Amino acid sequence: MHALSNADLHCHSKVSDGTLEPEAVATRAHANGVELWALTDHDEVGGQARALAAAGRLGMHYLTGCEISVTFAGRVVHIVGLGFDHEDAALVQGLRETRGGRGERAREMAEGLAKVGIKDAYEGALKYVGNPELISRTHFARFLVDAGHCQDVPDVFRRFLTEGKPGFVPHRWARLADAVRWVTQAGGVAVIAHPGRYDFTPTEEYALITEFMAHGGRGIEVVTGSHTAAEAAKYTETALEFGLLASRGSDFHSPDESHTDLGKLPALSGRLTPVWDALRERIIPPPH
Ligand code: AMP
Ligand code: MN
Ligand code: MN
Ligand code: MN
């Protein structure tokens with residue numbers, strides 16, 4: 001196998017809160033030059049078999065993936081799992097439990113929005129949902145934009161869906177220890193997603209990284225769609241300081257919303273060890 005230089009190991013399909021089917025995400029990744037791909041839907045591995053098959057048809061190498069919602073220190077942290085057995089029973093059950101409660105939360109979100117005059121948001125959001133177990137804030141955001149309440153998705157989050165805003169409902173997600181264990185015991189590597197997006201103090205961030213590593217977590221996203229160049233530089237140093245494997249992924253959700261397209265990312269610094277080097281045995285090559 002030649003060196004896989006364009007890896008995109010973070011993106012979403014309709015199986016969670018993306019707008020494209022897994023096959024269409026694969027096609028777009030391939031068209032953009034991605035050689036090693038992972039579909040990482042939120043809290044769900046139901047799209048893995050389709051993604052893997054599509055990658056194979058297109059000649060792309062594939063790593064299984066998912067992005068797990070975790071509650072850490074009262075905040076939401078995302079953990080990307082890569083290269084695991086997507087049929088592992090403990091992983092599948094853990095993710096099922098993590099998805100649980102989304103329906104009830106969505107109804108409460110709609111109640112909050114009704115109080116500020118936005119009617120029938122639950123029914124509205126449902127129309128955008130591809131997976132009934134995975135109704136998310138993103139689906140509400142798309143409904144609010146299309147119904148003319150807001151200009152774009154980030155505008156909805158700012159005005160309605162973040163802490164302290166009328167449509168925000170706090171939720172208890174998976175524990176960090178569990179998320180890391182599900183991925184690791186299924187043969188994969190756990191990665192801290194988009195570390196630059198959390199509002200952690202340096203002390204809190206240090207606690208996250210050290211706890212994550214104590215549970216067996218080994219990687220961190222350095223190059224991602226939501227990092228500035230300065231953040232990528234900062235987390236390059238973090239990865240080196242802690243001896244973490246480095247990951248790269250667009251976090252693509254939709255051709256209309258995502259500011260970073262699949263595969264269109266800067267390269268990882270040559271000083272880093274890419275997470276896919278440590279996952280060589282878990283990479284699924286396309287059939288000949
Ligand atoms: P949920 O898991 O239902 O809390 O929804 C989280 C999802 O909302 C994330 O995976 C992102 O896709 C999206 N999201 C979160 N914050 C923002 C934001 N500020 N602007 C746009 N999308 C966001
Ligand atoms: Mn998302
Ligand atoms: Mn995320
Ligand atoms: Mn994501």
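Numbering of ligands and ligand atoms starts at 1, following listing order. No experiment lies behind these values; they were computed from the predicted model shown.
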For V145 against V153, the heavy-atom pair lying closest together: CG2-N, 3.7 Å

Other residues, nucleotides, ligands: >12 heavy atoms within 6.0 Å of E104 CD: no

task: Check whether more than 12 heavy atoms from other residues, nucleotides or ligands sit under 6.0 Å from atom OH of Y206, and answer yes or no.
output: no

field: H12, H139, H259, H10 screened by ring-ring contact (aromatic ring centres under 6.0 Å, His included) with H253, the one that passes
entry: H12

task: Look at H12 and state whether any of its N, O or S atoms is less than 2.8 Å from the Mn ion (ligand 4).
output: yes

- prompt: Looking at the Mn ion (ligand 2), is one of the N, O or S atoms of D17 less than 2.8 Å from it?
  reply: yes

query: Quick one: does R137 get an N or O within less than 3.5 Å of an N or O on ligand 1?
result: yes

field: Considering only N, O or S atoms of E67, the one closest to the Mn ion (ligand 4)
entry: OE1

message: Would you say the Mn ion (ligand 4) has H10 as a near neighbour, meaning an N/O/S atom of that residue under 2.8 Å away?
response: yes

message: For R175, I'd like to know if atom CZ has over 12 heavy atoms of other residues, nucleotides or ligands within 6.0 Å.
response: no

message: Quick test: of every protein heavy atom, which one is nearest to atom 9 (C) of ligand 1, and how far off is it to 0.1 Å?
response: D17 OD2, 4.0 Å

For atom 15 (C) of ligand 1, closest protein heavy-atom neighbour: F157 CE2, 3.3 Å

- line: Note: ligand 1 atoms sitting under 4.0 Å from heavy atoms of R105 are 1 (P), 3 (O), 4 (O)

Atoms in ligand 1 with a heavy atom of R102 nearer than 4.0 Å: 1 (P), 2 (O), 3 (O)

message: T138 versus ligand 1: do any nitrogen or oxygen atoms come within less than 3.5 Å of each other?
response: yes

message: Does Q151 have more than 12 heavy atoms from other residues, nucleotides or ligands lying within 6.0 Å of its CD?
response: no

- prompt: Strictly by modelled atom types, are N131 and R99 linked by a side-chain donor-acceptor pair under 3.5 Å?
  reply: no

message: Restricting to N, O or S atoms, which atom of H42 is closest to the Mn ion (ligand 2)?
response: NE2

- prompt: Considering H253, R158, E257, H259, which one's heavy-atom position lies nearest to atom 12 (O) of ligand 1?
  reply: H253

task: Return the name of the atom in D251, of element N, O or S, nearest to the Mn ion (ligand 4).
output: OD1

- request: Apply salt bridge (charged side-chain N to carboxylate O under 4.0 Å, His left out) to E204 and R75, showing your working.
  value: CA-CA 11 Å; E204 288 169 332; R75 233 79 67 79; 3.1 Å; yes

message: Check whether Y122 forms a cation-pi arrangement with R107 (NZ or CZ under 6.0 Å from the six-membered ring centre, at most 45° off the ring normal).
response: yes

